[in-house]
Amino acid sequence: QVDLVESGGGSVQAGGSLRLYCGANGVIYSSYCMAWYRQAPGKDREGVATIDSEGVVTYADSVKGRFFISQDITQTTVDLQMNNLKPEDTGMYYCATDGPRVDCTVKATVDEFNNWGQGTQVTVSS
């Protein structure tokens, strides 16, 4: 079991930036996937960015070139730098992690992850 805690959400105008943080406590898999997902009202949760234990990253097409995922040297936190934010980026952002069973790309389904944070709200106004 891994406890995940997100922070850093907020409200910004279009074109602005936010940085999200996710801290992990508990079992650290030797081979893992950490991911950021988001969910807009009335829509399904979708993958935004992933990073695995080898440092390989993937991004949703809608955020490529604007969002950047990174992890610290201890591999217990993963950040999401979000630049040039758009109103369509509005939603609840969740951090997730699991071991090697996960297909560590943004196409991974939500049920592939057993560990989720409580989410942090991002609101982008036009």
Side-chain angles (χ1 to χ4, degrees):
Q1 183 68 31
V2 181
D3 292 327
L4 300 172
V5 179
E6 303 100 333
S7 62
S11 298
V12 295
Q13 290 190 327
S17 298
L18 284 173
R19 191 175 184 91
L20 305 184
Y21 305 88
C22 174
N25 295 295
V27 175
I28 304 297
Y29 303 101
S30 59
S31 176
Y32 62 82
C33 178
M34 295 196 78
W36 283 98
Y37 279 68
R38 67 185 180 189
Q39 188 166 19
K43 294 188 176 181
D44 292 336
R45 196 171 295 189
E46 62 175 356
V48 174
T50 65
I51 186 167
D52 68 14
S53 48
E54 301 297 318
V56 177
V57 302
T58 71
Y59 295 99
D61 288 343
S62 60
V63 306
K64 281 181 180 176
R66 300 188 297 121
F67 289 15
F68 301 94
I69 190 171
S70 61
Q71 60 186 4
D72 74 345
I73 193 169
T74 66
Q75 299 181 331
T76 59
T77 65
V78 61
D79 299 348
L80 185 68
Q81 177 66 41
M82 306 186 296
N83 300 324
N84 190 21
L85 283 160
K86 303 176 180 180
E88 51 263 42
D89 294 320
T90 293
M92 187 70 78
Y93 282 69
Y94 298 91
C95 180
T97 190
D98 217 300
R101 72 190 191 100
V102 175
D103 172 23
C104 199
T105 73
V106 292
K107 296 182 179 179
T109 59
V110 294
D111 56 5
E112 293 188 51
F113 291 92
N114 283 321
N115 305 288
W116 290 88
Q118 80 289 349
T120 185
Q121 178 67 36
V122 172
T123 303
V124 185
S125 58
S126 57

From [X] [atom1] over to [Y] [atom2], what is the distance, rounded to the nearest 0.5 angstrom?
X	Y	atom1	atom2	answer
Thr50	Tyr32	OG1	OH	11.5 Å
Tyr93	Leu80	OH	CG	7.5 Å
Thr77	Asn25	OG1	CG	10.5 Å
Thr109	Asp103	OG1	CG	8.5 Å
Glu112	Asn114	CD	CG	10.5 Å

Show the nearest heavy-atom pair for residues [X] and [Y], with the distance to one decimal.
X	Y	value
Asn83	Ser17	OD1-OG, 3.1 Å
Ala49	Tyr59	CB-CD2, 3.6 Å
Val2	Ala24	CG1-CB, 4.0 Å
Gln121	Thr123	NE2-OG1, 3.4 Å
Tyr94	Glu6	CA-OE2, 3.3 Å
Pro87	Ser125	CG-C, 4.5 Å

Scan residues 77-100 for pairs that pass salt bridge (Lys or Arg N to Asp or Glu O under 4.0 Å), counting only residues two or more places apart or in two chains.
Arg19-Asp79, Arg38-Asp89, Arg66-Asp89, Asp98-Arg101
Is the shortest side-chain heavy-atom distance between Leu85 and Phe67 below 4.5 Å?
yes
Supply the members, apart from Val106, of the Ile/Leu/Val/Met/Phe/Trp/Tyr cluster built from side-chain contacts under 4.5 Å; use none for a lone residue.
none
Report yes or no: do [X] and [Y] belong to one cluster of Ile/Leu/Val/Met/Phe/Trp/Tyr joined by side chain heavy-atom distances under 4.5 Å?
X	Y	answer
Tyr21	Leu4	no
Val63	Phe68	yes
Val12	Leu20	yes

Can you tell me which residue among Asn115, Val102, Thr97 is in a side chain to side chain contact (heavy atoms under 4.5 Å, CB included) with Met34?
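The single option meeting the side chain to side chain contact (heavy atoms under 4.5 Å, CB included) with Met34 is Thr97.
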Criterion side chain to side chain contact (heavy atoms under 4.5 Å, CB included) against Ser53, the qualifying member of Cys33, Ser31, Cys104:
Ser31
Donor-acceptor pair, distance only, cut-off 3.5 Å: does the side chain of Thr120 make one with the backbone of Ser7?
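Side chain of Thr120 to backbone of Ser7, a donor-acceptor pair under 3.5 Å: no, none is there.
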Please collect all ring pair (Phe, Tyr, Trp, His ring centres under 6.0 Å) contacts where either partner lies in residues 107-126, sequence neighbours excluded, each pair once.
Tyr37-Phe113, Tyr37-Trp116, Phe113-Trp116
